[in-house]
Amino acid sequence: MSQSYRLAILGATGAVGRELLELLESRNFPISDLKFLASERSAGEKLLFRGESFAVESVSDRSFENVDLVLASAGGSISKKWAPIAVEKGGVVIDNSSAFRMNPEVPLVVPEVNPEACLNHKGIIANPNCTTILMAVAIYPLHKVRPIQRIVAATYQSASGAGAKAMNEVKKQASAILAGSEPVPFVFPYPLAFNLFLHNTPLNSMGYCEEEMKMVNETRKIFGDQKIRVTATCVRVPVLRAHSEAINLEFAVPFSVDEAREILSKAPGVKLVEDWEKNYFPMPIEASGKDEVLVGRIRQDISHDCGLELWLCGDQIRKGAALNAVQIAELLAEKQLIKPAYALSG
Ligand code: A2P
C-alpha cells in the first residue's frame, strides 16, 4: 500500500468509532489526513491518534471535501443523510449501519468470505450486522466444503451492540442493584443488569425482530446463496462487549466433527478454543479485545445425521464492527479501489 488516504471517521466518539481509531493506528493504515466527525454535542472534544490530538468536528456538508475514505459508524439515519454526500464529493464510504446493507448496488462484505464483492462498488460498501459477521466467519469455511442447507442460531448479545451509552447503563444498573436501589433503564427498554431480554428491535408479522431478519437476509447476501435457510432468536444479555452464538448447521450429507474441526483450525479469522476434559470453551470475557472469532464445542447434532452444533464468541465492537470495516479499507487500498479525491477534481 503505497498510497496514503485522507480519512474521516463519522461517529468517532462512539464505541465503534474509538475502536476504529485504535485499529487504524495499530494496523498502520496509511493516512495522510484525518477528520473526526460526530454530532454538535461533541464538537471540540479532543481525541488522540498516533500521539497527536485532533478536535472532533460537528458533521456538515463541508466535512467531506477532500476526503478519500469515510468510515461511518453513527447510526442508520446519519449514514443515509451523509454517505451519499460523501460519495458525491468523491469519497468511498464504508458504512457500519444497516442503511444500505440490502441495497443490491451496495456490496456487503466480510473479507474472509466475499472480498470479491468489493470490486464493483459504487462508492458505498456496507459492513454487515455484528452477529452476522461473527457467524459468517465461523461457518463459511464449512459451507465452502459442503454447502449448509439450514442454520438455526441463538444469540447472546452484549450491551456494546447498542453503543457506549448502553455499556455504561449496564454498569450503572449493576452498581445500583448491588447498592440496593432500583436499576433505571434509559437506552434499553428494560433493566439489563442481572437480567436478559429478547432483542428489542421492531417485530415483523411473523414475530421475528429486525436483528433476527438481519441474520437471515445478510447471511444469504454475503454467502451469495438465496436458498440457504436461516432462523434465529436474538437475546440481549448483561455482557459488556462480546457476543456469543449457539449455531446448529444442517448439511445435505453428514459432516464429521473431526473434519469440521480440522477445517476450522485453519480458517482465517477463527480460533478454535476447546478443552473437552476441562469443559473449557469460548467465553465472551476471553473474546473481548481479540480479533479472532473463538469457536468451540463442535459436536454432532444427536437429533440429525447431517447436523453439526457449534458455539462461538466474538468481540462485537472489533470483528463484529470496527475490525471488519478496517479490513475492508485495507482490501480497498490493496486493490486500489479508493479513488483519491484529488484525482477527481483534477
Ligand atoms: P456524539 O458523541 O456527538 O453523540 P455509539 O454507537 O457508541 O452510541 O456512538 C454513536 C456515534 O454516532 C457517536 O460518535 C455520536 O456522536 C455519533 N452521532 C450520533 N448522532 C449524530 C449526529 N446527529 N450527527 C453526527 N454524529 C452523530
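Counting starts at 1 for both ligands and their atoms, in listed order. Scope of the values below: all heavy atoms of this structure, side chains included, with no hydrogens, waters or symmetry mates. The model shown is predicted, which means the values in this text are computed figures rather than measured ones.
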Where is the nearest protein heavy atom to atom 4 (O) of ligand 1: which residue, which atom, and how far?
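Looking only at protein heavy atoms, the one closest to atom 4 (O) of ligand 1 is Arg41 NH2, 2.8 Å.
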Students should be able to answer this: which protein heavy-atom is nearest to atom 1 (P) of ligand 1, and at what distance?
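Checked against all protein heavy atoms, atom 1 (P) of ligand 1 sits closest to Ser42 OG, 3.2 Å.
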Examine ligand 1 and decide if any of its atoms is less than 4.0 Å from a heavy atom belonging to Ala12.
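Yes; Ala12 lies near enough to ligand 1 that a heavy-atom distance drops under 4.0 Å.
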Is the shortest side-chain heavy-atom distance between Glu112 and Gln327 below 4.5 Å?
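When only atoms from C-beta onward are counted, Gln327 and Glu112 do touch, with a gap below 4.5 Å.
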Is the CG atom of Asp225 crowded by more than 12 outside heavy atoms at less than 6.0 Å?
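Atom CG in Asp225 is crowded, with more than 12 foreign heavy atoms closer than 6.0 Å.
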For the residue pair Ser160 / Gln316, report whether a side-chain donor-acceptor contact shorter than 3.5 Å exists.
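Yes - a donor-acceptor pair under 3.5 Å links their side chains.
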Please test Glu259 against Arg146 for salt bridge (Lys or Arg N to Asp or Glu O under 4.0 Å), starting from the C-alpha separation and ending with a verdict.
CA-CA 11 Å; Glu259 189 187 356; Arg146 250 162 263 137; 2.7 Å; yes
Arg318 with Glu22: basic N within carboxylate O range, under 4.0 Å:
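So Arg318 pairs with Glu22 through a salt bridge.
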Assess whether a salt bridge exists between Lys89 and Glu65, defined as any Lys/Arg side-chain N lying under 4.0 Å from an Asp/Glu carboxylate O.
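Here Lys89 pairs with Glu65 in a salt bridge, since their nearest N and O are under 4.0 Å apart.
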So, regarding [X] and ligand 1 (criterion: nitrogen or oxygen to nitrogen or oxygen, under 3.5 Å), is there a contact or not?
X	value
Gly14	yes
Lys165	no
Gly11	yes

With [atom] as the reference point, say which of [options] has the nearest heavy atom.
atom	options	answer
atom 11 (C) of ligand 1	Gly163, Ser160, Ser73	Ser73
atom 12 (O) of ligand 1	Ala162, Ala74, Ala166, Ser39	Ala74
atom 2 (O) of ligand 1	Thr13, Val16, Val187	Thr13

For [Y], does its backbone N or O pair with a side-chain atom of [X] as donor and acceptor, under 3.5 Å?
X	Y	answer
Asp301	Leu249	no
Ser63	Ser60	yes
Arg18	Thr13	yes

Taking heavy atoms and a distance under 4.0 Å, where does Ile78 meet ligand 1: side chain, backbone, both or neither?
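The side chain, only.
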What atoms in ligand 1 come closer than 4.0 Å to a heavy atom of [X]?
X	answer
Ala15	7 (O)
Val59	24 (N), 25 (C)
Ala164	5 (P), 7 (O), 8 (O)

